[in-house]
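In what follows, a single structure is set out as structure tokens and then discussed.
In this chain, residues are counted from 1 in sequence order.
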Amino acid sequence: QVQLVESGGGLVQAGGSLRLSCAASGRTFRMHNMGWFRQAPGKEREFVAAISRSGDSTRYADSVKGRFTISRDNDKNTVYLQMNSLSAEDTAVYYCAASAASYYSGTYSRNRDYAYWGQGTQVTVSS
């Protein structure tokens, strides 16, 4: 069982930055691949970024590549999403997700790649 709690969302002007945090419970954090997804009103949930257990591998959706950075601190049981150069298209509820500890796959961008989800944090980019 993993509980995930996102924080750091809010209102930001276009071109600005935010850093989201995801705090995970338990002592198995480093056994989970972690991801960020987002869902805009009326849209399907979409993949944003993923990071491997050790943090040595990251992946990004094309829409955020070069602007967003995912990182993790396994000693703090926390995953981060640094979001730069934000635009109105980034407005969404952002969700943190964790894979099952036993899950090993070459995929990372599907909902089914993750077993645990946070409650989401709202990011609103104004123009």
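For the residue pair Asp113 / Thr107, a side-chain donor-acceptor distance below 3.5 Å is found, with atom types taken as modelled.
The two atoms that bring Ala92 and Ala40 nearest to each other are CB-N, 3.8 Å, heavy atoms only.
Taking Ile, Leu, Val, Met, Phe, Trp and Tyr as members and joining any whose side-chain heavy atoms lie under 4.5 Å apart, directly or through other members, Tyr80 forms no hydrophobic cluster with any other residue.
In this structure, Thr91 contributes its side chain and Glu89 its backbone to no donor-acceptor pair below 3.5 Å. A donor-acceptor pair under 3.5 Å links the side-chain atoms of Arg67 to the main chain of Ser85, judged by distance alone. Glu6 places a side-chain N or O within 3.5 Å of a backbone atom of Cys96 that can act as its donor or acceptor partner.
Considering only heavy atoms from C-beta on, Tyr114 stays 4.5 Å or farther from Met34 through its side chain. Gln119 has its side chain within reach of Val5: a pair of non-hydrogen atoms, C-beta onward, lies under 4.5 Å apart. A heavy-atom distance below 4.5 Å is not found between the side chains of Leu86 and Gln13. Counting only heavy atoms from C-beta outward, the side chains of His32 and Val2 approach each other to under 4.5 Å. Looking only at side-chain heavy atoms (C-beta outward), Thr121 and Ser7 stay at 4.5 Å or farther from each other. Taking the side chain as every heavy atom from C-beta outward, Leu20 and Val123 approach each other to under 4.5 Å.
To the nearest 0.5 Å, the span separating OG on Ser105 from CZ on Arg112 amounts to 10.0 Å. Here Asp90 contributes atom CG and Thr124 contributes atom OG1; the two are 11.0 Å apart, rounded to the nearest 0.5 Å. With rounding to the nearest 0.5 Å, the separation of OG in Ser102 from CE in Met31 is 8.0 Å. From Arg110, atom CZ reaches atom CZ of Phe47 across 12.0 Å, with rounding to the nearest 0.5 Å. With rounding to the nearest 0.5 Å, the separation of CZ in Arg38 from CD in Gln122 is 12.0 Å.
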Quiz prompt | side chain to side chain contact (heavy atoms under 4.5 Å, CB included) between Ser126 and Leu11, intermediate numbers included | solution = CA-CA 7 Å; Ser126 65; Leu11 177 65; 4.0 Å; yes
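Sorted by first then second residue, the side chain to side chain donor-acceptor pair (under 3.5 Å) pairs that include residues 15-26, not counting sequence neighbours, are Gln3-Ser25, Ser17-Asn84.
Residues that satisfy the side-chain contact (heavy atoms from CB on, under 4.5 Å) test with Arg45, not counting sequence neighbours, are Phe37, Gln39, Tyr95, Asn111, Trp117. For Thr58, the side-chain contact (heavy atoms from CB on, under 4.5 Å) partners are Ile51, Tyr60, Ile70, not counting sequence neighbours. Judged as a side-chain contact (heavy atoms from CB on, under 4.5 Å), and not counting sequence neighbours, the contacts of Asn77 are Phe29. With sequence neighbours excluded, the residues forming a side-chain contact (heavy atoms from CB on, under 4.5 Å) with Asp56 are Ser52, Ser54, listed by chain and number.
For Arg53 and Tyr104, the positive end sits near the middle of the six-membered ring, less than 6.0 Å away and at most 45° from its axis.
Side-chain heavy atoms closer than 4.5 Å link hydrophobic residues (I, L, V, M, F, W, Y) into clusters, and following such links, possibly through other members, connects Leu81 to Leu18. Val64 and Val12 fall within the same hydrophobic cluster, defined by Ile, Leu, Val, Met, Phe, Trp and Tyr side-chain heavy atoms under 4.5 Å apart, directly or through other members. Both Tyr94 and Val125 sit in one connected hydrophobic cluster of ILVMFWY residues. Membership requires side-chain heavy atoms under 4.5 Å apart, directly or through other members. Note on Tyr116 and Tyr108: separate hydrophobic clusters, where clusters join Ile, Leu, Val, Met, Phe, Trp and Tyr whose side-chain heavy atoms are under 4.5 Å apart, directly or indirectly.
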